[in-house]
Structure formats: C-alpha cells, structure tokens
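For ligands, and for the atoms within them, numbers begin at 1 and follow the listed sequence. All values derive from a computational prediction rather than experimental measurement.
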Amino acid sequence: MSHRLLIIGSGPAAHTAAIYAARAELKPVLFEGFMAGGIAAGGQLTTTTDVENYPGFPEGIMGPDMMDRFRAQSERFGTTIHTETVNEIDLSSRPFRFKADAQEGSADSVIIATGATAKRLEIPGANDGELWQKGISACAVCDGALPAFRNQPLAVIGGGDSAVEEASFLTKYGSTVYLVHRRDELRASKIMQQRALDNPKIEILWSHVVTQAKGADFLEAVRVKDLKTDEERDIPVAGLFFAIGHTPNTSFLKGQIDTDDQDYIVTKPDSTQTNIPGVFAAGDVQDKKWRQAITAAGSGCMAALEAEQFLAGHG
Ligand code: FAD
Ligand code: NDP
C-alpha cells in the first residue's frame, strides 16, 4: 500500500509526530513494532513505573499508562497503527519502500522514531524478575528522586559523561554516590571529570566492577571487585544505576542514512531532517544527550511539521 507519511516507532516521539500529522490530514500510518529493540510497543516508558517529570501530570503517571494515552490520542485523530516491526526500508529513491513483519508498502515521507535501548549488565541479581526496577535502573534522571533513594548510599556504573552526570545528579538525593568504573581513567570530558572529582559526595571506585546485586525485595548491597587486586567486598547501597551507554535502534536502516560513530542518526541543526530529503528522525534515535520523554515528544512535533512542509512542496 502507498502512504503519504510512514512513522516508525511508538514512543513519545512517534506518537507526537502522529498526532500532529493526523491533525494535518496526512493520514499517517504508524508501525509501533513488536518487541523491536527488545522493547514493547510504547517504548522505553513501558519499562518504568512513575513518570514524575512530564508536564501536565502533577501527581505523576505510570509509564505504561502514559504511553496508552499517547497511543489513544494518535488513534483519535486518525492514525493507522500496525503492531509490526519495520524490518527493511529502501531509502535510495522516493517513494520509499518498506517491509514490515506481515506487510510491505511505500511512503512519500518517513519519520524514524525508533528510539534507543539502554544497555544493561547481566549481573546476578540485577535481571528481570530479580532486582531490576527494585532499586536498579538505567535512568538516574527518571528514577533518582524516588523516596527509597533519599539519604541512602547509591552506586552508578560507568565512566562516561552520562555516568558522571548521573552521579552528580544523584548527590542531590543520596548520602554517598559510588561511581564504579572498570578502568583507572574516566572516559567523560575533562570538565565533567573535574565535576566528579570535586564533589565530596562522589566516591570513585577505580578499576572496579559490580559482580552481584543483593537484596530481598529491594536492592540492599552490591558486591564489587577490584580488578587490580581481585579482592571482592559488599557495599550497602539502595540504588544502582547503569550508565554504560545506549544502543540506538538503527540496525534495520542498514547504513542507508548518515549516522554518527555510535550509530545515532544525524539530523541537521535545529531540524529533524536527515541527509535524505523526506526522511526525518525524532527522539532518542537521534539524541544521545537529552534522552527525555518531553524532548523526544518535542522533536516528534518538529518532525511532523517538517514532513508536512516537505509533502506540501513535493505534491
Ligand atoms: P522510545 O521510547 O525508545 O520508543 C521507540 C519504540 O520504537 C520502541 O517501542 C521500539 O520497540 C520501537 N521500534 C524500534 N525499532 C522499530 C522498528 N524497526 N519498527 C517498529 N518499531 C520499532 N524520560 C522521562 O522524561 N521521564 C522519565 O521518568 C523517564 N523514565 C525512564 C525510565 C527508564 C527505565 C528508561 C529506560 C527511560 C526513561 N526515560 C524517561 C527516557 C524516555 O523513556 C525516553 O527518552 C523516551 O522514551 C524516548 O522516546 P522515543 O520516542 O525516542 O523512543
Ligand atoms: P559512553 O559510551 O561515552 O560511556 C560508556 C561508559 O560505560 C564508559 O566509561 C565505559 O567504560 C562504560 N562501560 C561500557 N560497557 C561497560 C560494561 N560492560 N561494564 C562496565 N562499564 C562499561 O556513553 P555515555 O552514555 O556516557 O555517553 C554517550 C555520548 O553522549 C557521549 O558522546 C557523551 O559525550 C554524550 N553525553 C554528553 C553529555 C553532556 O555533554 N553533558 C551527557 C551525557 C552523554 P570504558 O570507558 O572503559 O569504555
């Protein structure tokens, strides 16, 4: 089938784009994915509990509930939604041809909003059904303010800008924040490194790894190993945050679009336009810095408006 606008993804970026595009009568068709990138339709927020920083919800809202509302609003204005993953797309000529799980088609313009997947470590005790989301998270900005973490020792794994930023952020809430890094040198930029070194509440465990997460119903301690001496010990912590990077969901594009060295789609400054006219990218798939629902939604809005302008100029 031939469409004017194809939207790939189902997080805040995709649905905001769909709401704007549907109201502009572009009759968008949205492929929300079926466990694409290991995430259920609805995106990363389906993997969390309370979302407390999205404006308009003063009491907070559960992540899955919020994404149900996004989806309902897309449908209300006429977006056609398919619970299928787009596995292939040919961006070499317009209309762009694509293949999803059970159907194929073409589109005059495309918004890619396939998000990113936070990397997790498969440490004993930290997996689904164990202590994941029970004191263990991959997003300090999202979960750090939870009451369970107030005035408690916390730990962050990683040595990049995210890890340092998250550790600094968590010092607002925790008593001590252990930054557990596998090497004796941080990867973070110099200014961020200095920020961590100057913060009296951050204690860096150089050349350490976490080997186990411990606790009955909620995280109580992590076992850490000093890679230089092989010594292991338990550190009591109420929170453990992975900050070891994200993987953008771009593999299905098979190198047809400009990406950076970490496979994030490159968009033009102040725009969601990619290097291919008619193809736009919104949300975490093109944003490795802010990574928030509100910023993803904002760029989804931009993508829809830019797609509308593009389609108006191309018949
Ligand atoms: P995503 O939410 O990443 O969704 C993309 C969707 O596209 C996924 O469902 C994926 O399966 C689908 N997809 C991927 N590939 C394909 C394909 N080929 N075809 C079809 N579909 C595909 N932010 C906040 O602002 N507040 C919070 O409290 C908060 N809490 C968080 C808690 C956790 C545990 C995590 C991991 C993140 C949290 N975030 C929070 C960050 C927020 O979830 C993300 O910034 C936001 O969801 C990004 O939205 P997105 O639209 O770019 O894509
Ligand atoms: P990075 O890839 O830069 O860093 C990931 C960190 O996690 C590294 O220190 C890495 O260790 C560590 N790590 C990776 N895998 C493992 C593992 N299996 N076990 C233990 N540690 C592991 O990711 P970031 O998310 O920090 O940053 C991504 C990009 O976003 C960067 O370009 C960054 O500059 C940018 N960014 C910028 C910010 C800002 O400017 N304020 C804020 C946040 C991100 P090692 O160093 O040994 O490889």
Ligand 2 contact on [X] by region, counting heavy-atom pairs under 4.0 Å:
X: Ser189; result: neither
X: His181; result: side chain
X: Leu121; result: side chain
X: Glu122; result: neither

Restricting to non-hydrogen atoms, name the atom on Trp206 and the atom on Leu197 that form the minimum distance, rounded to 0.1 Å.
CZ2-CD2, 4.2 Å
Among all protein heavy atoms, pick out the one at the shortest distance from [atom]; state its residue, atom name and that distance to 0.1 Å.
atom: atom 53 (O) of ligand 1; value: Gly115 CA, 3.5 Å
atom: atom 34 (C) of ligand 1; value: Thr47 OG1, 3.6 Å
atom: atom 10 (C) of ligand 1; value: Ala36 O, 3.5 Å
atom: atom 23 (N) of ligand 1; value: Ala293 N, 3.4 Å

Of all the heavy atoms in [X], does at least one lie under 4.0 Å from an atom in ligand 1?
X: Ser137; value: no
X: Phe31; value: yes
X: Gly37; value: no
X: Ser10; value: yes

Mind checking whether [X] has an N or O less than 3.5 Å away from an N or O of ligand 1?
X: Ile39; answer: yes
X: Arg291; answer: yes
X: Met35; answer: no
X: Val86; answer: yes

Would you indicate which of [options] comes nearest to [atom] when only heavy atoms are counted?
atom: atom 4 (O) of ligand 2; options: Arg187, Glu165, Lys288, Met192; answer: Arg187
atom: atom 21 (N) of ligand 1; options: Gly33, Pro248, Pro12, Cys139; answer: Gly33
atom: atom 9 (O) of ligand 1; options: Ala40, Ala118, Gly11, Pro55; answer: Ala40
atom: atom 45 (O) of ligand 1; options: Asn87, Asp284, Thr85; answer: Asp284
atom: atom 3 (O) of ligand 1; options: Gln286, Gln44, Gln133; answer: Gln44
atom: atom 14 (C) of ligand 2; options: Glu185, Arg182, Lys119, Gln262; answer: Arg182

Under 3.5 Å: N/O of [X] near N/O of ligand 2:
X: Gly158; result: no
X: His246; result: no
X: Arg183; result: yes

Per-atom contacts, ligand 1 versus Gly9 - under 4.0 Å to a heavy atom
7 (O), 21 (N)
Run the numbers for me: atoms of ligand 1, each under 4.0 Å from some heavy atom of Ala116, listed by number.
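Those qualifying, in numeric order: 3 (O).
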Test item: side-chain donor near acceptor, Thr272 and Glu306, under 3.5 Å:
yes
Donor + acceptor pair across side chains of Glu122, Asn127 (<3.5 Å):
no
Side chain, backbone, both or neither: Thr46 near ligand 1, heavy atoms under 4.0 Å:
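Neither part.
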Pair Phe241 + Phe149: ring centers closer than 6.0 Å
yes
For Arg291, the ligand 2 atoms with a heavy-atom partner under 4.0 Å come out as 25 (O)
Do Leu26 and Phe98 sit in one hydrophobic cluster, given that two such residues count as connected whenever their side-chain heavy atoms are within less than 4.5 Å of each other, even indirectly?
no
Mark the output for Ala243 as yes if a heavy-atom distance to ligand 2 is under 4.0 Å, and as no if none is.
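It does, in that a heavy atom of Ala243 comes within the 4.0 Å cut-off of ligand 2.
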